[in-house]
Structures are given as C-alpha cells and as structure tokens.
Amino acid sequence: MFDIEEASIHCLQAAMNKGEVSSRDLTLAYMERISKYDKSGPKLNSVLEINPDALFIADAMDCERSTIGVRGQLHGIPVLLKDNINTRDKMHTSAGSIALSDSYAPYDAYLVGKLRAAGAVILGKANMTEFANFMTEGMPNGYSSRGGQVLNPYNAARDPSGSSSGSAVAVSANLCAAALGTETRGSIMGPAYMNGIVGIKPTVGLVSRSGIIPISNSQDTAGPMARTVEDAAIMLGAIACMDEMDPATWASRDRAYADYTQFLDKDGLQGARIGINEGYIGNFTEDELKVINTAKSVMKENKAVLVYGIGLPNTGGKSSVSLYEFKQSINAYLSSLGPGAPVHSLREIINFNNQHPEEALKYGQKTLMRAELETSGTLSEPAYIMSKINDIRISQTEGIDRVIDENKLDALFCPGITDIAAVAGYPSIMVPAGFTSDGMPFGVTFIGKAYSEPMLLKIAYAFEQAAKARAKPGSIG
C-alpha cells in the first residue's frame with residue numbers, strides 16, 4: 001500500500017502517473033486517517049465535514065488521467081477547505097457557526113472553481129475558530145459551536161492557534177495533501193507556526209475573495225497551507241487569478257502566475273539581502289531564541305546577506321478597521337445567499353445565537369454585538385476612515401515599504417508571528433524552523449512588499465531545504 005504520510009504533491013502525482021496508486025486510493029487513505037486520528041484516537045477534531053462526492057470526483061479524475069491526460073499538478077489530489085469557503089455542492093459553508101449550520105452556498109467561491117478546474121479533489125471542510133475568531137473575546141483558538149475544539153497534534157493541551165486551525169492541524173497530521181485557510185490578521189501564519197507547517201498569506205488581491213465568509217474587506221485573503229514550500233506554491237498557482245467580480249484582484253492581472261514552482265531555487269538565499277526584524281525579539285524565551293539563532297546561522301551559511309538594526313513599527317492590534325468592516329462585509333455576503341439562507345444579516349445571527357444560548361454562546365458574542373451596535377455598516381464613520389488611513393501609513397508607507405527600500409532588502413525575516421504584513425495587505429510565508437525543548441514547533445516568517453511572492457518563495461524554499469526542520473507530530477502514526 002502506498003504510504004501517504006509526509007508525501008508531497010509531486011510524489012503523489014508521480015505515483016499516480018506510474019499507476020502505483022490512484023486518486024481513489026489516496027482519497028480513501030486520507031479518509032481512513034481522518035477516521036483513525038481525527039474522529040477517534042487523539043480526536044484532533046480538525047475536519048468538520050467530508051464531501052459525499054469526494055470518491056466520485058476521484059474516480060472521474062482517474063478516468064480522465066487514463067483517457068485524456070493530466071490537467072496539472074493538482075490532478076486527483078485530495079485537499080481540504082476551511083469552512084468559511086463556499087462550495088456549491090452537498091457540503092455546508094458555516095464559518096463554524098450553528099447559525100449557518102444548515103446553509104448550502106448557492107455558488108462556489110471563485111477560488112474553488114479554480115481548484116476544481118485544476119482537478120483537485122475537494123475532500124471536505126476543515127473546522128475553524130467560529131467566524132474566524134471575530135465572535136467574542138476569550139474564545140479559544142480552534143473552537144466553533146458547530147465543530148467543537150480543534151486540538152494541536154503535537155500537544156493537545158497547547159494552542160492550535162488562529163482561525164485556520166483545522167486546516168493547519170489536518171495538514172500537519174497528514175489528513176489531506178494540502179489545505180486552504182484564510183487570514184485577516186494572523187489566521188494562516190499563526191496555525192502554520194503552531195502546527196509545524198508552511199503557510200502563505202498572499203498579497204490581498206492576488207487571490208479572489210468572492211464567496212468567502214468575510215471579516216475585513218481590506219485585509220481578508222485565502223492562502224495555502226501545506227507541509228512543504230513546494231506544495232504551498234503549487235496550491236497558490238492554482239488559485240491566484242484575477243476575478244472580474246472582485247475589484248481587489250484587478251491589480252493582479254499581470255502579477256499572478258499559474259505556476260509558482262518556477263521560482264523555487266535551493267540556492268535562493270545566496271546573495272539575498274534579508275532584514276532581521278528585531279522589533280519584538282524581547283518577547284521570546286531563551287529556548288525560542290536558540291531556534292531563531294539557528295535559523296540565522298542557516299541563512300548565513302547559505303550566503304544570505306543579513307541586515308540588522310531593523311525594527312518594524314508595532315501595529316499594536318489596536319486598529320478598529322476590522323470592527324467597522326465586519327458588519328458591512330458579513331451583511332453583503334449573507335445577501336448573496338438568497339432568500340433561502342437560514343440567516344440574512346448580522347442582526348439575525350445575533351438573534352439566533354440568543355435563542356440557542358447553550359449551543360451557540362459558550363463564550364458569548366461580544367464582538368458580534370459591538371459590530372452590530374457600534375457601527376453603521378456604511379464605512380462612513382470618521383473613526384473608521386482615519387483608522388484605515390493610519391493603518392496604511394504605519395504598515396505600508398512608514399513600515400514595510402520604507403524599511404525594504406531604505407535597506408535595499410529582498411525580504412524581511414520575522415521570527416514567529418507578526419501581524420504587520422496582514423495589516424498592510426502584503427505577502428508573508430511561514431516556514432518551520434525547528435522545535436523548542438518541549439517538542440513544540442517554531443516557525444519563522446518571510447515578508448515582502450506587495451506581489452513579491454516570487455522572491456519570498458525563492459528565499460523560503462532555500463531556507464526550508466537547508467534547515468530541514470519539518471517533522472510530523474510524534475503522537476500521530
């Protein structure tokens with residue numbers, strides 16, 4: 001039997017081309033692991049729903065492979081989607097909320113159409129922090145009223161992080177070949193960091209936002225989560241594209257690539273000028289600093305030029321942009337579902353939750369209430385407008401753009417997690433860098449200016465190949 005553990009998309013594709021395994025075999029193998037490790041055994045709880053048509057799609061891809069040929073690198077590859085990404089099929093799209101637990105999207109998210117066209121097998125939906133952690137204060141990462149609590153595969157008592165926790169855990173535990181998450185402010189980077197995988201948060205506008213349950217119109221984006229940089233690059237190439245219905249993507253017309261693997265270079269660190277962001281270095285333990293220093297040594301040994309004295313501004317997490325944008329964004333999304341939707345507005349979600357407090361309000365809905373009561377949904381408040389302008393100034397003009405231009409950098413190196421790229425709408429890539437003494441993964445982030453994904457992938461891939469820091473969770477067989 002073909003071993004799917006830690007198998008890359010390239011290896012899976014090669015095995016299918018040789019007839020050693022079929023897409024149906026792979027789909028069944030991942031389903032078996034979901035049964036053994038997600039729904040029993042350690043009960044990771046990362047998969048919310050299995051696509052009832054997954055095996056039929058896999059059969060169709062096997063038939064097409066033998067009669068017509070292969071569509072591309074994702075042909076027949078089983079992937080999971082975060083539960084806030086629309087699929088027009090027999091699966092629900094709920095953002096983890098029981099208020100939307102009976103909601104069937106009337107249309108595919110644009111990026112789902114791209115995945116289907118690439119031949120991917122949509123295996124199911126991943127659990128997530130409810131409403132992408134925009135429901136209340138104090139809700140644990142990975143908890144949703146519909147799906148319960150996602151567990152970290154390295155240590156069930158530790159934080160799985162971010163709202164794309166289900167996608168990250170499923171990838172790390174080898175429950176799928178790769179997955180898609182979404183990020184507003186750390187929801188791809190955080191789970192990738194805490195679960196020892198690669199995450200790409202693309203430039204806002206490189207990937208369509210159409211058909212994704214939103215938080216922030218200006219910061220939301222979907223992105224790949226995978227065990228290797230190459231696999232993440234393959235996923236990014238499948239979904240990066242201009243969407244006529246999403247104005248954010250119009251600027252990407254000539255800056256999106258169908259194949260990002262062309263930029264992968266094992267010598268990509270050589271001569272690269274990388275700024276070492278030391279603005280928050282005091283937040284790390286001595287244990288974590290050892291991993292960070294090892295990562296710096298890896299870059300130096302591979303002839304990168306490390307530029308010190310870099311301190312990006314602290315965004316502080318105090319921006320009110322998301323609070324104002326959520327009401328407008330969620331109401332616009334719900335209106336797209338048509339009259340048959342279970343709820344039609346933020347107010348109706350709040351009312352539903354109030355009517356089902358035991359199931360829906362374990363941690364409350366303070367943030368939903370604030371968005372409903374304190375904002376107009378018109379984005380016309382002076383406080384919102386000035387906060388947005390301030391975010392752009394701090395994160396872009398005086399932040400990433402200034403630092404990279406003044407120091408002639410190819411990328412910024414940020415140990416652990418920083419949210420400045422998310423606030424700016426700029427790309428970032430999380431790569432495993434090692435483990436702390438308690439067995440928990442530690443990752444580092446590479447950040448660049450808008451649409452610098454090719455350079456970031458080049459650097460991240462070279463770092464990954466030199467560091468070789470990814471290791472599967474020891475408790476997951």
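In what follows, residues are counted from 1 in the order of the sequence shown. Computed from a prediction, not measured in an experiment: that's the story for all the values here.
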Exercise for the section: Quick one: sort the Tyr324 and Tyr384 rings into parallel, tilted or perpendicular, breaks at 30° and 60°. Expected result: tilted
Exercise for the section: Given side-chain hydrogen bond (donor to acceptor under 3.5 Å, both in side chains), test Asn302 with Gln270 step by step and report yes or no. Expected result: CA-CA 6 Å; Asn302 284 271; Gln270 188 168 338; over 6 Å; no
Exercise for the section: Specify the closest pair of heavy atoms between Thr182 and Ser164, including all atoms of both residues, with the distance to one decimal. Expected result: O-OG, 2.9 Å
Handout entry: Met299 to Phe413 - nearest heavy-atom pair and separation
Key = CE-CD1, 3.4 Å
Test: [X] and [Y] ion pair at under 4.0 Å:
X: Glu464; Y: Arg470; answer: no
X: Glu398; Y: Arg402; answer: no
X: Glu183; Y: Lys82; answer: no
X: Arg209; Y: Asp243; answer: no

Please check: side-chain N/O of [X] versus main-chain N/O of [Y], any donor-acceptor pairing under 3.5 Å?
X: Thr228; Y: Asp231; value: yes
X: Asn277; Y: Cys414; value: no
X: Ser167; Y: Leu180; value: yes
X: Asn390; Y: Met386; value: no
X: Asp220; Y: Ile215; value: yes
X: Arg273; Y: Asn407; value: yes
X: Glu453; Y: Pro202; value: no
X: Asn141; Y: Pro160; value: no
X: Asp83; Y: Ala126; value: no
X: Asn195; Y: Ile197; value: no

Between the side chains of [X] and [Y], does any donor sit under 3.5 Å from an acceptor?
X: Asn127; Y: Ser165; value: no
X: Ser172; Y: Lys472; value: no
X: Thr261; Y: Glu230; value: no
X: Ser187; Y: Ser163; value: yes
X: Asp438; Y: Thr436; value: yes
X: Ser161; Y: Asp159; value: no
X: Ser216; Y: Glu325; value: yes

Exercise for the section: In sequence, state the C-alpha distance, the side-chain angles, and the governing distance for Thr375 and Glu381, and then conclude on side-chain hydrogen bond (donor to acceptor under 3.5 Å, both in side chains). Expected result: CA-CA 8 Å; Thr375 73; Glu381 291 94 335; 5.2 Å; no
Does the separation of the ring centres of [X] and [Y] fall below 6.0 angstrom?
X: Tyr461; Y: Phe263; answer: no
X: Phe442; Y: Phe435; answer: no
X: Tyr260; Y: Tyr257; answer: yes

Problem - Student check: side-chain heavy atoms of Val150 and Tyr143 closer than 4.5 Å - result: no
Answer yes or no: are there more than 12 heavy-atom neighbours, outside [X] itself, under 6.0 Å from its atom [atom1]?
X: Met440; atom1: CE; value: yes
X: Arg116; atom1: CZ; value: yes
X: Lys388; atom1: NZ; value: yes

Handout entry: From CA spacing to verdict: salt bridge (Lys or Arg N to Asp or Glu O under 4.0 Å), Asp267, Lys303
Key = CA-CA 9 Å; Asp267 298 318; Lys303 301 181 181 178; over 6 Å; no
Handout entry: Identified side chain to side chain contact (heavy atoms under 4.5 Å, CB included) partner of Pro78 from the options Leu26, Ile122, Ile4
Key = Leu26
